[in-house]
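From a predicted model like this one, the values you see are computed outputs, not experimental measurements.
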Amino acid sequence: MAQTSLQPTTLAQAVTSFVDAIHRMYAGIAIRTVSNYEDEDLAFEITIPPVFSREQVLETCNRACITIEDEYDVFILPIVVYAQ
């Protein structure tokens, strides 16, 4: 369950860790915040070029999210879409 009051420093560190991890793995992607769907702390839309497998990128994002949850207690929902 998402926390209701996260420290800004913790949130910033979690976001930086997530974005850095995904950018290291996949060049040419775009990451932006979107409205939360349920009880997560953050939701990100990850836009990928068609050369990448959506399922593979989503799996990588989910692994990064688990690491972030364990380290920072911040819950992130990744949404992977193809660039139009």
Side-chain angles (χ1 to χ4, degrees):
M1 178 176 287
Q3 295 179 344
T4 57
S5 61
L6 289 169
Q7 294 295 329
T9 305
T10 302
L11 192 56
Q13 290 171 332
V15 168
T16 300
S17 293
F18 177 77
V19 171
D20 286 350
I22 302 308
H23 274 291
R24 277 193 306 270
M25 296 291 295
Y26 301 101
I29 64 168
I31 300 174
R32 69 180 185 103
T33 57
V34 293
S35 297
N36 297 2
Y37 283 0
E38 293 187 12
D39 63 348
E40 64 277 339
D41 296 309
L42 295 164
F44 287 106
E45 181 179 89
I46 297 97
T47 304
I48 61 172
V51 297
F52 294 129
S53 162
R54 183 188 168 282
E55 291 78 19
Q56 183 180 16
V57 174
L58 182 58
E59 181 179 330
T60 301
C61 289
N62 285 331
R63 282 192 308 248
C65 288
I66 290 168
T67 300
I68 299 299
E69 289 170 13
D70 290 345
E71 188 171 343
Y72 299 101
D73 201 27
V74 172
F75 298 90
I76 298 173
L77 174 68
I79 303 159
V80 178
V81 297
Y82 283 112
Q84 295 182 355

Any side-chain heavy atom of [X] sitting closer than 4.5 Å to one from [Y]?
X   : Y   : value
L42 : L11 : yes
T60 : I22 : yes
F44 : L77 : no

So, for [X] and [Y], which heavy atoms are closest and what is the spacing to 0.1 Å?
X   : Y   : result
I46 : F18 : CD1-CZ, 4.3 Å
P78 : C61 : CB-CB, 3.7 Å
S35 : A43 : O-CB, 3.8 Å
C65 : I76 : SG-O, 3.5 Å
D41 : D73 : OD2-O, 4.0 Å

Q) Can you name the residues that form a salt bridge (Lys or Arg N to Asp or Glu O under 4.0 Å) with R63, not counting sequence neighbours? A)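 If we apply the salt bridge (Lys or Arg N to Asp or Glu O under 4.0 Å) test to R63, skipping adjacent residues, the hits are E59.
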
Q: Name all residues meeting the salt bridge (Lys or Arg N to Asp or Glu O under 4.0 Å) criterion together with E45; count only those two or more places apart in sequence or in a different chain, and write none if there are none.
A: R32

Q: With sequence neighbours excluded, give me every ring-ring contact (aromatic ring centres under 6.0 Å, His included) pair touching residues 19-43.
A: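 Applying ring-ring contact (aromatic ring centres under 6.0 Å, His included) to every pair that reaches into residues 19-43, excluding sequence neighbours, yields Y26-F52.
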
Q | Separation between CG of N36 and CZ of F75, rounded to the nearest 0.5 Å | A | 13.0 Å

Q. Nearest 0.5 Å, what's the CD-CD distance between Q7 and Q13?
A. 10.5 Å

**Q.** Stepwise side-chain contact (heavy atoms from CB on, under 4.5 Å) check, Y82 with I48
**A.** CA-CA 5 Å; Y82 283 112; I48 61 172; 3.7 Å; yes

(Q) Does E55, at its CD atom, have more than 12 non-hydrogen atoms belonging to other residues, nucleotides or ligands within less than 6.0 Å? (A)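 Buried by this count: over 12 neighbours within 6.0 Å.
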
Q.
Is there a continuous path of hydrophobic side-chain contacts, each under 4.5 Å between heavy atoms, that joins V34 to V81?
A. yes

